[in-house]
Structure formats: structure tokens, C-alpha cells
Chemist: 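Attaching a single structure in C-alpha cells format; questions to follow.
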There are 2 protein chains.
Amino acid sequence: MNDVVKIEQPAKKPAKPRGRPLAFNQEEALDKALKVFWARGYEAASMSELTEALGINKPSIYAAFGNKEELFRKVLARYTSGPVAFVKEAMKEPTARQVAERFLLQVVDFFSDRSTPNGCMIVQAALTGGQGSSAVQQELIAYRKSFEASFNERFELAKSQGDLPQHVNTKQLAKYIATIHQGMSVQATSGATREELRAIVEMALKNWPVGS
Amino acid sequence: MNDVVKIEQPAKKPAKPRGRPLAFNQEEALDKALKVFWARGYEAASMSELTEALGINKPSIYAAFGNKEELFRKVLARYTSGPVAFVKEAMKEPTARQVAERFLLQVVDFFSDRSTPNGCMIVQAALTGGQGSSAVQQELIAYRKSFEASFNERFELAKSQGDLPQHVNTKQLAKYIATIHQGMSVQATSGATREELRAIVEMALKNWPVGS
DNA sequence: TTATTTATTTACCAATCGGTACATATATTA
DNA sequence: TAATATATGTACCGATTGGTAAATAAATAA
């Protein structure tokens, strides 16, 4: 991509910016863009909607974030490291069963949080345009797969610890959890309540694999 | 809607059509449109894509089917009475458990059928545009709810027949089945295989409610 | 044949899409 | 002060969106 060798800077204090300063806070702007993409999906969210939501004119958005696709990538990074950071926390639970339960219950709260759009942005945004479409769609599919893979890894660890029986197919179990997550996201966007989602989680976990 | 009293026709043989005949078969055209909407979603499918897929010029499409929204409604009706007719068949199974199992297993075959787009068109098409958007979105949400309601009815019948325990919340059970269905649709559009979907169904049904 | 009815073709419409050229405003540096 | 660098606002770009006017083609009815 870039052959230029980066010179190691002596970690000086950040130089004062030259030129006219930004009239908006970049992180706040990303949060506003996040809500638009989250509620509308990637393709359905238009630059006009975004400029209005951010309160910034288009050229400023393009200057600060690149184009729509790059803006979405930055928003996506903010989404995964911000609102969705609880996923990594859930992985730390001592048993696989507790990991799954904590994850799904936090998902319920997350999906039914009234201060944010309902459902999962990644599930929401990926559905538009279906099969082999844009680069963003492909990336979102890849993201969902890596999400599934991290559950698989956690469950394999659980198996090695004797926490899950040896006969359990951890990939299938991970895919099952992901399916419940995605299904609940659809439910949430259609207006399912917190109580309804909790009941789904209860049913989904009733049969957690035990014994041989 | 319409105050005109329809005169009872003596059921004559259909009069010969006047004017130039249609150069295409309407049902075949709807099937082609179905595949486009199914693969791409409602909003992402453009009229240009549709004209190309149908092999018909735009004015002919508008003359035959109204506008894009009406075309989608006709396609939707064809979808529910055609490819998705197996749902009603599954309802006829003797027990609630068999209804759920047959439904989900048929969904697996349906989603992984290589001759059609993956996943469920209604789940796929509804996700774009999220919350309180177009009339089509609202209709699709309503459709999904009616779908859930028909499972609820079937499960209530099962309860009255002693086939399901009295303590079962049939609405929650119906919502659970719908969630699995929707989650698997997302999985199918991301490339899940038939075997993977089957494993999900197995896990989802392992804990079917029995006893008190 | 001629009139009437309906379908198809071509060529277009205004609105919106993502994206940008350019002049102007506001900051630091010299 | 002037020079330089960056951000903003206005006003626009070509492409595409859903949708249509109008001329022509192909059928039946008289």
C-alpha cells in the first residue's frame, strides 16, 4: 500500500494544528452517523440524511472521513469497540454456559435499549443487497463469521477444561448462539419487547448440553 | 372502497381480448421479479434490474403491474402461495412438536435450495430501512406477526388437546420458532450449509416442552 | 377496409444518489 | 503585516432512481 518508511518520532507533544480548526467533534459526529446507519442500514442511509443528522455540510464529512464507505467503516469500528464491547466481557465468564447466558441476556438489554435503534447494526446493515454484493456487505458477513469463530474458540477452551462434554460440536454450538442473536435482532426491529426477548433466551438455553 | 354493485355475470366463457395481446406471460414475469426481490430486497432491487430480468420494457411492467410497490405486493402474494405454501402443510402435523420440527426442517431445505436465492424473502426484504419506514416495510412486519400468530393458534389447539402442557406460553413458543426461522434466514444468506442449518434445528428443538 | 383497443418502443421527466470545484473563512507561522 | 494551511459553505457534477408521454405495432370489431 505505502512504501514510505515511517520515521520514528521522539514522542513530542502533539504539534499545534495549523490552519482553521474543525468546527465539530469527530467522535460525536461518528456517534451521530452510527445512529443513522444503525437505524437505516448501510445502503439505505443517504449522505443527505447523514449531513442533516451530523449538522455538518457534505464537503466537511468527506474531508474528515473520506467517502460513505470509509465513514461506515469508522462507524463500524466505533460500534464494535463501544456499544458492543460487552461481548468480550461475556467471554470472560467462567463456564461456557455462563458465557452464552450472559451474552444473550446482555444482547436482550442492548436490543431493547430505548436510547438506541433496535436490533444489531451488523445484522441490520448486512441484510440489504443480499448475496454477492458490495464490499461492505462482504465485510459484514466476514465480521459475523469472526464473531462466531470467537464463540467457537471459547467453547473449545471450555471443552478442554471439561466444562463442556467432549461430544459437543463447538462450531455448531457457536452457530446456534449466533442464530439466536440474529433472530432476536430481527425480532427487535419488528418491535419485540424486552420481556419477549428474555423468554426467547430462556427457551434457547434450556437444553444446554450436559452429560454424555 | 367501491360502491359500485357488481352485476352477477352469467358465467359466460371469457370474452376474447381486444387490442394487441401481451407479449409475455404474466406469471412467468412475476416469478422472475420474485427472484430479483428475493435476492436483493425490496429497496435495493431497481426497476432497471427488474426490466432486465423480466426481459420487458419499463412501460409494459407499469402497465401490467402498476408501480414498483404494487409489483412487489403481487410478487409477495405469489411467494406466500407458492414457494412458501409448505408452511400451511406443516401446520397439519398431528402434534405441536411435529409441526415445529417439520416446519423447521422444511425451512432448512427451502433456505438451502440452490435453485432459488438463499434465506427468506420476507426476512430479507424487511430488514432494509429499519424502523418506521415505508409502507412495504410495515406490511412485511405485519406479515411476520401474522405468521407468528398462526403458530400460536396451532399451539393453543395443541394445548387444548393435551398435546402441549398447560404451563406452556404458546405465544412465547411461537415467537421462539419465528426467531429460529429468522436467525436461520440470516445464516443462509451468509452461506450456511444445509448440514449446518440442520444442526441448528436439532439444537433448537432438543428442549421441547414436556411434562410439568 | 376502417375504427377501436391494447401493448410495445423510444425517449424522456424531475428527484435523488454519492461526490466535488471553488471561493471564502479562520487558524498558525514567519 | 503577509504567507501558508486547513475547514467551511455554496453550488454544482454525472449517474441513477422511480415513473411517464407519445408514437407505433398488433390484435379484434364493424
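Proteins get letters first, then strands, A, B, ... in listed order; numbering begins at 1 in each.
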Chemist: Taking side chain to side chain contact (heavy atoms under 4.5 Å, CB included) as the test, write out the residues that go with Glu153(B), two or more places apart.
Modeler: none

Chemist: For residues 63-82 of chain B, pull every pair meeting side-chain hydrogen bond (donor to acceptor under 3.5 Å, both in side chains), keeping only residues two or more places apart or in separate chains.
Modeler: Asp31(B)-Arg78(B), Glu69(B)-Arg73(B), Arg73(B)-Glu139(B)

Chemist: Side chain to side chain contact (heavy atoms under 4.5 Å, CB included) with Arg97(A): which residues, sequence neighbours excluded?
Modeler: Thr95(A), Glu101(A), Leu205(A), Trp208(A)

Chemist: Take nucleotides 6-16 of chain D nucleotide by nucleotide from the 5' end and write B, S or -, depending on whether a protein heavy atom sits under 4.0 Å from the base, only from the sugar-phosphate, or from neither.
Modeler: BBSBB------

Chemist: Which side-chain N or O atoms in residues 55-62 of chain B pair as donor and acceptor under 3.5 Å with protein atoms at least two apart or in another chain?
Modeler:
none

Chemist: Taking any strand in view, what nucleotide pairs with dA30(D) in a Watson-Crick or G-U wobble way, both distances under 3.5 Å?
Modeler: dT1(C)

Chemist: Applying side chain to side chain donor-acceptor pair (under 3.5 Å), can you list everything that pairs with Ser115(B), at least two apart in sequence or on another chain?
Modeler: Asp113(B)

Chemist: Taking any atom closer than 4.0 angstrom to a non-hydrogen atom of chain A, what span of DNA chain C does the protein reach, first nucleotide to last?
Modeler: dC17(C) to dT29(C)

Chemist: I'd like to check the side chain to side chain contact (heavy atoms under 4.5 Å, CB included) partners of Lys145(A); sequence neighbours left out, ordered by chain and number.
Modeler: Ile141(A)

Chemist: Using atom CD of Glu52(B) as one end and atom P of dT17(D) as the other, report the distance to the nearest whole Å.
Modeler: 11 Å

Chemist: Could you give all pairs that pass the ring-ring contact (aromatic ring centres under 6.0 Å, His included) test and reach residues 172-205 of chain A, with sequence neighbours left out?
Modeler: Phe103(A)-His181(A), Phe111(A)-His181(A), Phe147(A)-His181(A)

Chemist: For Thr170(B) and Asn152(B), test the side chains for any donor-to-acceptor distance below 3.5 angstrom and give the result as yes or no.
Modeler: yes

